[in-house]
Structure formats: structure tokens, C-alpha cells
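Heavy atoms only: backbone and side chains are in, while hydrogens, waters and symmetry mates are out. We number each residue from 1, following the sequence as shown. On a predicted model such as this, the values are computed, not experimentally measured, just so you know.
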Amino acid sequence: MSTATATAAVARSAGQAFGIERIQLDDPRPHEVLVELEAVGICHTDLSVRAGHTPFPLPGVLGHEGVGTVAAVGDAVTATTRGERVLLSFDSCGACRACRELRPVQCLHWQALNLFGGRRLDGSPVLWDDAGRSLHGKFFGQSSFATLALASDRNVVPVPKGLPAEALAPFGCGVQTGAGAVLNVLRPEPGHTLAVFGAGGVGLAAVMAARLTAATRIIAVDLHPARLELARELGATDIVDAHEQDAVAAIEDLTDGHGADRALEASGALPALRQAVTALAVGGVLGVAGAPPQGTELGLDIPQLLDRAPRIVGINQGASMPQRFLPALVELFRTGRLPVDKLVRGYPFEQIDRAAEDALSGAVVKPVLQMSG
């Protein structure tokens, strides 16, 4: 066991609050990187694990939207150097067919490396509590709800210094997922209508990305009026309050009965997913990025599928190759074309439970924990 110590928010069991504890981290192996965190975003998936809806072994350390400075590197690392600022994103093995074909999000070991394993692929632990008992870590290859995170050289992406850490943190998952869903997968064509169901962090990142395309109508659908107004500010041409209107009928009215050429379901709510399918134009494409509890199923009208020929595509992490996609998104932010900072509210690390409550209530789009200062 290493003598490197950190402060972490530990999830001891499903449904419990986070506990701030001292932990110990293993030394970096040849392809691993130790990162001192500046900030980390709170994502729906973190809270879904804590609630027991998404499988990850507990007790453990969650967090997967980290940004920080490299404190140490293994002797085989070439992707970064000590002292460099990096974003942390999802992990991949680098050796399977999908990784070799530059599709790391489809890595053969994706679930083990990012969600269900809690350890290295060889089964060895990376974290221990103050009593010497092993904790599950490596959540999305990082477990960044801590002042130090042990990542791999495949899920660190160098980024410029001088940009605010609170704005950078969400790029590793939420921004990458929403923007990538639009730019990498749905790719709206000139004149298309894109409907985004869910104006949280992922959905609003999609709206911002859609503004960079030739889509002529961008429709945001949500239950929170404040989020809808923010969506309008960020590029939505139309907003639909699903409390007040039938979303499918509203989209039909806005498109003269044509429907949405492209749609993204980003809320994880089953009724919204059903509406998104129904609101598609003939031949339209729906991307599903929202994650409901494991085992959630949706019934579909099969003859309608045959008649209307939609395509429904699951989207994980925006189908991104982080080392190529994230630097481009960060540059769009730096030049003012992807104003992610409008989504963010900062919280001291010790207020993680308050930040989580604000995220669950919808009071905040993207809470970001400030690890110091």
C-alpha cells in the first residue's frame, strides 16, 4: 500500500450521504497517472450509483469529471508529464479491436474499466480507507471525488492553463456527451430540426453544439422554466414546457407537422423517451443519452416503426475519442462559442451533499466541487 494520502468523499452504501474521509492511494503503475484535483463536476451517474440505481460496488469513491495537475506518472507514460494540467475522462484498454480502430467508447472492457469493476482489470485495488480496508475506485478510470485521483494514460487529456477549473471540469463527461451526441452522431443537416429532451448539463451542451451546426430549428423540452430560458439563451430557437404543453403536439406545430429530423433524449425519463420517439419525422434519428435505472424498458409500437422508419441510437460519452474531441471543445469554450461556464455553480468540496441535493432538485444545472481555495 502506498503512503500517498488524500481526502475523499466516500459512498459507503446505497442511499447514504457521502462521508469525507482520509484515503490512501496506490503508487502509479507504468501506464498510470496521479492527478491532484482542482475541481470535479457532479454528474447524474454519480448520484445514480449512490442511490443504488446504477451498479458500482460500494464502498467506493465516485466522481468522473475531474480537472487537475499531474503529480506523478508511471515510467511508461508518454501522454502527459508531471506538472501538466489535464482533464480526466473515461478509460479504455487501448488494445482491443475497438480501441485500435479509434472507437474507445466501444472498448471491450469499457464496463469493467469505468463502471462495474471498481479495481484494475487484474483485480488489484487502488484505494484504501484510513483503517487499511480496500475501497472501490477507478470509477470511469479516475474516482475524482478526492483531492488525488489515480488515472490511466488513456483517460487524461492535456488542456491549457489559465482557464477556470470550474468551467473545465464538466467537459470530461457531460459536455462531451451532449456536444458529441450532436456533432459526432446526430450531425443535423442544413434545414433540420433538432429536438432536445432534457435541459440539464448534457441537453444544454447539445443545444450549444447544435448552434454550431446548420440546423435551423433547435427545440428544447424540459419541466423547469428556468432551464428552458437558459436553453433559449444558449441557442434554442424554441422551448417547450412539458408541464404546460404536450411535447409531441408542440413539436408538430412548430414544424408544420413534419416532426423532428433529429432528437436527443438526455433526461433519462421514460415518458420523455417515448415522446422523443413519437416526435420524430419520418426517417428521423433519435439519440438516447439519458440513463434511467438499470433494467428500464420501453414498449414501442412496431407497425409504427415499420411505417416511419426511425433510427434509435444509444449514445455513450458522445461517441468521442477524448484526446481529439476534448481539446476542440475546450478551444470552442476559450473563444466564447461554447459557453459552458453558464451551466456551472461552484461548491466547496466539503459541501458535496448540498451540491448533490441541488442537482437532484434541479436548482443547479451543473454543480462543480472546488477542491481547494
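No donor-acceptor distance shorter than 3.5 angstrom exists from the side chain of R345 to the backbone of V364, with no hydrogens or angles considered. Although no hydrogens or angles enter the test, the distance criterion places a donor-acceptor pair under 3.5 Å between the side chain of D46 and the main chain of C43. Under a 3.5 Å cut-off, the side chain of S124 and the backbone N or O of R120 do not form any donor-acceptor pair. Remark: the backbone N or O of G191 is paired with a side-chain donor or acceptor of T216 at under 3.5 angstrom. Side chain of S89 to main chain of N155: no donor-acceptor pair is present (N/O by atom type, distance under 3.5 Å, no hydrogens or angles). Of the possible polar contacts, one joining the K366 side chain to the I42 backbone as a donor-acceptor pair under 3.5 Å is found. S143 places a side-chain N or O within 3.5 Å of a backbone atom of K138 that can act as its donor or acceptor partner. A donor-acceptor distance shorter than 3.5 angstrom exists from the side chain of N114 to the backbone of D91, with no hydrogens or angles considered. No side-chain donor-acceptor contact under 3.5 Å links S48 to the backbone of H44. The backbone N or O of A279 lies less than 3.5 Å from no partner atom in the side chain of E252, so there is not a single donor-acceptor pair.
Across all their heavy atoms, L264 and A181 have their closest contact at CD1-CB, 3.8 Å. Nearest heavy-atom pair, A9 versus I352, reported as atom, atom and distance to 0.1 Å: CB-CD1, 3.6 Å. Of all non-hydrogen atoms in L115 and P57, the two that sit nearest each other are O-CD, 4.2 Å. The two residues D222 and G200 have their closest heavy-atom pair at OD2-N, 4.4 Å. Closest heavy-atom contact between P322 and F90: CG-CE2, 3.4 Å. Listed here is the closest heavy atom pair of A72 and P28: CB-CG, 4.3 Å.
Criterion: ILVMFWY side-chain heavy atoms under 4.5 Å apart, direct or through other members. Under it, V330 and M208 are part of a common hydrophobic cluster. Using a 4.5 Å cut-off between side-chain heavy atoms of Ile, Leu, Val, Met, Phe, Trp and Tyr, with links allowed through other members, V35 and L326 fall into different hydrophobic clusters. Under the 4.5 Å side-chain heavy-atom criterion for ILVMFWY residues, a single connected hydrophobic cluster contains both I20 and M371. Under the 4.5 Å side-chain heavy-atom criterion for grouping Ile, Leu, Val, Met, Phe, Trp and Tyr, V207 is connected to V185 within one hydrophobic cluster. V33 and L87 fall into different hydrophobic clusters, where Ile, Leu, Val, Met, Phe, Trp and Tyr side chains are chained together by heavy-atom contacts under 4.5 Å.
A perpendicular orientation is assigned to the rings of W110 and F140, their planes being inclined by more than 60° (bins at 30° and 60°).
For the pair F18 and L62, the minimum side-chain heavy-atom distance is below 4.5 Å. F145 places a side-chain heavy atom less than 4.5 Å from the side chain of V40. Under the 4.5 Å side-chain criterion, counting only non-hydrogen atoms from C-beta, L37 is not in contact with T147. Residues R85 and L168 form a side-chain contact, since some pair of their non-hydrogen atoms from C-beta on lies under 4.5 Å apart. The shortest distance between side-chain heavy atoms of R29 and D122 falls below 4.5 Å. P170 has its side chain within reach of V344: a pair of non-hydrogen atoms, C-beta onward, lies under 4.5 Å apart. When side chains are defined from C-beta on, L234 counts as touching K342, because their heavy atoms get closer than 4.5 Å. With contacts defined as side-chain heavy-atom distances shorter than 4.5 Å, the pair L338/F171 qualifies.
If you take CG on L305 and CG on L280, they are separated by 10.0 Å, rounding to the nearest 0.5 Å. Once rounded to the nearest 0.5 Å, the distance linking CZ of R103 with OG of S320 reads 14.0 Å. Summarising the geometry, atom OH belonging to Y347 is positioned 10.5 Å from atom CD belonging to Q370; distances are rounded to the nearest 0.5 Å. The structure places OG of S144 at 8.0 Å from CD of E65, a figure rounded to the nearest 0.5 Å. Separation of atoms CG (N184) and CD (Q317) is listed at 11.5 Å; rounding is to 0.5 Å. For the atom pair R334 CZ and L329 CG, the distance stands at 14.0 Å (nearest 0.5 Å).
Residues S152 and R154 have side chains that never bring a donor and an acceptor to within less than 3.5 angstrom of each other. Side-chain atoms of T7 and R22 include a donor-acceptor pair closer than 3.5 Å. Looking at S13 and Q16, their side chains do bring a donor and an acceptor atom within 3.5 Å of each other.
Ion pairing of D353 with R50 is present here, as a side-chain N (NZ or NE/NH1/NH2) and a carboxylate O approach within less than 4.0 Å. Using a 4.0 Å cut-off between a side-chain N of Lys or Arg and a carboxylate O of Asp or Glu, K161 and E38 do not qualify as a salt bridge. The existence of a salt bridge linking E229 and R232 is confirmed by a sub-4.0 Å separation between a basic side-chain nitrogen and an acidic carboxylate oxygen.
Screening T80, V77, L34 for a side-chain contact (heavy atoms from CB on, under 4.5 Å) with V70, the sole residue that qualifies is T80. Of the residues listed (Q24, R12, R119), the one engaging L135 in a side-chain contact (heavy atoms from CB on, under 4.5 Å) is R12, and it is the only one.
Within a 6.0 Å radius of CD in E36, no more than 12 heavy atoms belonging to other residues, nucleotides or ligands are found.
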Worksheet item: Given the rule in the side-chain contact (heavy atoms from CB on, under 4.5 Å) test, do Q106 and R97 qualify, once you have shown the distances and angles that lead to the verdict?
Response: CA-CA 9 Å; Q106 297 174 12; R97 178 175 178 178; over 6 Å; no

Discussion item. The test is side-chain contact (heavy atoms from CB on, under 4.5 Å); show your working for H258 and T193 and say whether it passes.
Written reply: CA-CA 9 Å; H258 177 76; T193 290; 5.8 Å; no

Practice prompt. Evaluate the side-chain contact (heavy atoms from CB on, under 4.5 Å) criterion for residues I251 and F197: first the C-alpha distance (whole Å), next the side-chain angles of each, then the deciding distance (0.1 Å), finally the verdict.
Written response: CA-CA 11 Å; I251 291 170; F197 288 77; 3.6 Å; yes

Discussion item. Test side-chain contact (heavy atoms from CB on, under 4.5 Å) on L212 and V182; report intermediate values, then the result.
Written reply: CA-CA 10 Å; L212 302 175; V182 173; over 6 Å; no

Please output the side-chain donor-acceptor pairs of residues 283-301 that fall under 3.5 Å, not counting sequence neighbours, one pair per line with the distance.
| from | atom 1 | to | atom 2 | distance (Å) |
| --- | --- | --- | --- | --- |
| T296 | OG1 | P293 | O | 2.6 |
| D301 | OD1 | Q304 | N | 3.1 |

